[in-house]
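A quick write-up on the structure given underneath.
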Amino acid sequence: MFHREKLLKNRLTVLMQESSERLDYLKDLNFTFEKPKNEDHGDLSSNIAMVLSKQLKRNPRSIAEEIISNLNLDSNIISKVAIAGPGFINFHFAHNYLSEGIKTIFEKRGDYGKSKKFFGKRANVEFVSANPTGPLTVGHGRNAVCGDTIANLLEWIGYEVDREYYFNNAGRQMRVLGDSVRLRYLELLGEQIDFPQDYYQGEYIREIAKDILKESGSVYKEESAEGIFKDRAESEIFKDIEKTLERLNIKHKIFFNENTLYEDGKIDEVLSIFKNRGLSYEKEGATWLKLSEMGNQQDKVIVKSTGEPTYRLPDIAYHITKYERNYDLIIDLFGSDHNATYPDVMAALGALGYDLEKMKVLIHQFVTISQDGEIVKMSTRKANYITLDELSDEVGADVVRYFFNMRGISTHMNFDLNLAKKHSDENPVFYLQYAHARICSIVRTVKEENLSVNLENLDLLQSNEEVTLLKKLNHFEDEVLYSAENFETNRITSYLEELAAHFHKFYTFSRILGTEKRLAEARLALAEATKIVIANGLTILGVSAPEKM
RNA sequence: GCGCCCGUAGCUCAAUCGGAUAGAGCAACAGCCUUCUAAGCUGUAGGUUAGUGGUUCGAUUCCACUCGGGCGUACCA
């Protein structure tokens, strides 16, 4: 059973085309079906009659009637067709067809919802990519969680995914970092130092200096910032970053160091390609990229007059390596503070002939943190931030993951810390987990009553609550596919919330114990199927599915 | 100034390729546990979708302008 809805849509399209032999105006039309928001309007709906109405200068309802009377419907699949509103044609599925879905869930279990549409394709998802200058903040959390979840989604639709972290341990930022540690070290040795305001103010810098002092004493008194101080800071901070991510179940496969682009000559190679193709020129001692000829606003510097490249050149070279590594899909996820940088990179890649269709740049908006009614401005430099670790400590990994996943990435998100701490029990993640734990508990209880899942009598599931739940379960695979193709993690969270709500209603009105055995076992099948789907959905989100709460 | 993003219920947010009566959660109010987990369920109340115009059978969605907010706009990354 693969893309049920799509199969059905195809089947309906064929039906429509068949009837077009009898109705001329249906020829050469592109039929679209959609799932109505309101359940009363059926399972699939077409607006075809309204589209035709203008063209034929006829009442849409009468066109709809004519179309319906010319359809050859299979009553095993479609139980009812109706005209509604201004001229929608609504199709209702047969119960048989709906309950087939439960059987599929039991066949596939932990794999239910996966599809093979992109089987054999490879994707690279680059996310987090924070330079190792300090702990990850809450702002990075959104990037980390969404990136990892998008990678999960892609895996569910068949991609083989590499999670990648790009960093730079060479630039000015890192020199300042090393020097910050050096000064703190000298300070600990009792020297009078003047710690510059634009250096890294965080307490972690002192900790690193302390460690160095403890291990090696004062031997590094004359050492430069770029030696042990920078190296030590980098490795300590990176270790912490990985630990922070691990707490949220995030693990990158590839850590790509910008420096390797210099070492293996990639930067020079790209630079000479630009030169040879006349895409760059020299002016005032610097090398400029002709972005204005590539469709962008203005030319930009790629090599400064000092001979040092700007960030654009390594960024372009880096993305070329992604193309050379033969990915079918290349995803960059970063915060809106980078929104000015990617058009240059894209334009350059396009000018070099790379297929931009393969590359998707996803930009998430900032997370504003408010505490005690005030907005907290965050800066790593000024050590004025709330770390991702602190957030995980406060509300737990499940809540952190769920919270960041439940909003579309283009929305500006507000995180009220007081609320998150105080009302953490009211977070919707518990609503889902509770539904899962509840089903587990049912399963434990009914086992003692000698009831077991039975798929023979699913036609007994006829109540509103049962049918609604059944339909919702059937949509999962399509939801995953849609969410993955559109990189929308929040669709999964809202789907699961609706699914859990349907289940809780079913639980309230359709008891299993004390019911006639055949019906009880059919209901148990429905409950267990729901458990599987909730667990699978939570797995995609990276949230745990507890057996007990 | 220019570019990207956003503006929907008191608060935080949904709403499929433009679809039918704009939906949830929280907060508020009124109910439901002597049978499977009350972290649940049922009901009430809450809206000029920032504003104005346009496109059309039909607009929260597309277009233009206005207002308000965020992030950018370097020979920093």
Side-chain angles (χ1 to χ4, degrees), chain A residues 32 34-38 40-41 45 47 49-54 59-60 84-88 90 129 131 133 168 171-174 258 283-288 296-298 300-312 314-315 335-343 363-366 368 375 403 406-416 419 423 425-435 437-446 448-449 451 478-479 482 486 488 490-491 493-494 497-498 500-501 503-505 507-509 511-515 520 523-524 527 548-549:
Chain A
T32 58
E34 56 193 30
K35 198 172 71 199
K37 279 187 220 164
N38 188 334
D40 298 338
H41 295 142
S45 163
N47 61 355
M50 277 129 72
V51 175
L52 283 168
S53 145
K54 194 183 184 188
N59 180 332
F88 291 100
N90 296 335
S129 292
N131 281 339
T133 59
N168 165 20
R172 200 173 60 93
Q173 252 185 15
M174 294 302 290
E258 181 186 319
K283 195 178 95 184
E284 296 161 5
T287 307
W288 296 67
N296 281 15
Q297 292 277 321
Q298 50 188 313
K300 296 271 175 66
V301 171
I302 48 174
V303 181
K304 302 184 225 171
S305 50
T306 60
E308 242 183 323
T310 64
Y311 68 90
R312 277 178 208 97
D315 264 11
S336 61
D337 55 337
H338 282 63
N339 81 68
T341 71
Y342 77 92
I363 302 217
H364 65 84
Q365 297 302 311
F366 264 38
T368 50
I375 296 202
F403 195 94
M406 69 195 266
R407 307 286 179 236
I409 59 170
S410 66
T411 62
H412 300 267
M413 179 171 156
N414 182 33
F415 203 137
D416 185 330
L419 204 74
H423 296 293
D425 280 2
E426 284 148 15
N427 190 300
V429 69
F430 293 105
Y431 184 77
L432 300 185
Q433 293 180 320
Y434 183 63
R438 222 178 194 186
I439 299 171
C440 292
S441 167
I442 293 172
V443 172
R444 285 192 295 269
T445 310
V446 300
E448 294 159 15
E449 305 286 324
L451 292 171
D478 287 315
E479 289 287 341
Y482 188 92
N486 295 285
E488 288 177 7
N490 57 313
R491 277 190 73 95
T493 61
S494 36
E497 282 168 41
E498 283 166 25
F503 172 75
H504 286 306
K505 272 172 207 165
Y507 173 87
T508 307
F509 295 107
R511 299 252 126 184
I512 292 173
L513 289 184
T515 308
R523 284 180 176 167
L524 182 59
K548 282 183 187 173
M549 279 175 81

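Just so it is clear, the model here is predicted, and its values are computed rather than measured. Chain identifiers are assigned alphabetically (A, B, ...) following the order of the sequence lines, protein sequences preceding nucleic acid strands; residue numbering begins at 1 within each chain.
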[N] OP1/OP2 closer than 4.0 Å to side-chain N/O of [X]:
X	N	answer
A:S441	B:rU37	yes
A:Y507	B:rA38	yes
A:R523	B:rC36	no
A:Y431	B:rA38	no
A:Y482	B:rC17	yes
A:K304	B:rC76	yes
A:S410	B:rC6	yes

Picking from [options], which would you name as closest to the side chain of [X]?
X	options	answer
A:M50	B:rG69, B:rG19, B:rG72	B:rG19
A:R407	B:rA39, B:rU12, B:rC36	B:rU12
A:H504	B:rU37, B:rC76, B:rG40	B:rG40
A:A84	B:rG72, B:rA20, B:rC75	B:rA20
A:E258	B:rA77, B:rG19, B:rC36	B:rA77
A:Y434	B:rG40, B:rC76, B:rG19	B:rG40
A:R491	B:rG40, B:rU16, B:rG19	B:rU16
A:N339	B:rU37, B:rU35, B:rC71	B:rC71
A:N490	B:rC75, B:rU16, B:rA15	B:rA15
A:S305	B:rA14, B:rC76, B:rC75	B:rC75

In whole Å, what separates the [atom1] atom of [N] from that of [M]?
N	M	atom1	answer
B:rG1	B:rU48	C1'	34 Å
B:rU66	B:rC26	C1'	34 Å
B:rA74	B:rU52	C1'	39 Å
B:rG68	B:rA24	P	35 Å
B:rA30	B:rA22	C1'	26 Å
B:rG47	B:rG7	C1'	15 Å
B:rG18	B:rC76	P	43 Å
B:rA27	B:rC41	P	13 Å

Between [X] ([atom1]) and [N] ([atom2]), how many Å, whole number?
X	N	atom1	atom2	answer
A:N296	B:rC4	CG	P	12 Å
A:M406	B:rG23	CE	P	19 Å
A:I442	B:rG40	CD1	C1'	12 Å
A:I409	B:rC4	CD1	C1'	13 Å
A:I439	B:rG40	CD1	P	15 Å
A:H338	B:rG72	NE2	C1'	11 Å
A:K548	B:rU37	NZ	P	11 Å
A:R511	B:rC36	CZ	P	6 Å

>> On the side chain of A:H412, is there an atom forming a donor-acceptor pair with the base of B:rG7 - under 3.5 Å, no angle test?
In response: no
> Just checking, A:R491 and A:Y482: is the charged tip under 6.0 Å from the six-membered ring centre and within 45° of the axis?
Replying inline: yes
Supply the atom-to-atom distance [X] [atom1] to [Y] [atom2], rounded to the nearest 0.5 angstrom.
X	Y	atom1	atom2	answer
A:S494	A:E488	OG	CD	9.0 Å
A:K300	A:I302	NZ	CD1	12.5 Å
A:T515	A:L451	OG1	CG	9.0 Å
A:R438	A:Y507	CZ	OH	4.5 Å

>> Determine whether the aromatic ring of A:F88 stacks with the base of B:rA20, defined as ring centroids separated by less than 5.5 Å and ring planes inclined by less than 30°.
In response: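 One would call A:F88 stacked on the B:rA20 base.
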> A:H41 on top of B:rA20's base, within under 5.5 Å and under 30°?
Replying inline: yes
> When the nearest nucleotide of RNA chain B is assigned to A:G335 and to A:T341 on a heavy-atom basis, which residue is associated with the more 5' position?
Replying inline: A:G335
> Of A:N486 and A:V443, whose closest RNA chain B nucleotide lies nearer the 5' terminus?
Replying inline: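 First, find each residue's nearest nucleotide; the 5'-ward one identifies A:N486.
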> In dot-bracket, 5' to 3', how would RNA chain B read with Watson-Crick or G-U wobble pairs under 3.5 Å, [ ] for crossing ones and | for pairs to another strand?
Replying inline: (((((((..((((.....[...)))).(((((.......))))).....(((((..]....))))))))))))....
How would you label the contact of [X] with the nucleic acid (heavy atoms, under 4.0 Å): base, sugar-phosphate, or nothing?
X	answer
A:E284	base
A:P60	nothing
A:N131	sugar-phosphate

> Donor-acceptor pair, A:T508 side chain versus A:H504 backbone, under 3.5 Å?
Replying inline: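 A pair under 3.5 Å: yes.
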>> Could you go through A:M413 and A:H364, starting from their C-alpha distance and side-chain angles, then the distance that decides it, and tell me whether this counts as side chain to side chain contact (heavy atoms under 4.5 Å, CB included)?
In response: CA-CA 10 Å; A:M413 179 171 156; A:H364 65 84; over 6 Å; no
Identify each atom pair where a protein N or O and an N or O of nucleotides 42-45 of chain B are less than 3.5 Å apart, giving names and distance.
none

> Are A:Q365 and A:T411 close enough that some pair of their side-chain heavy atoms sits under 4.5 Å apart?
Replying inline: no
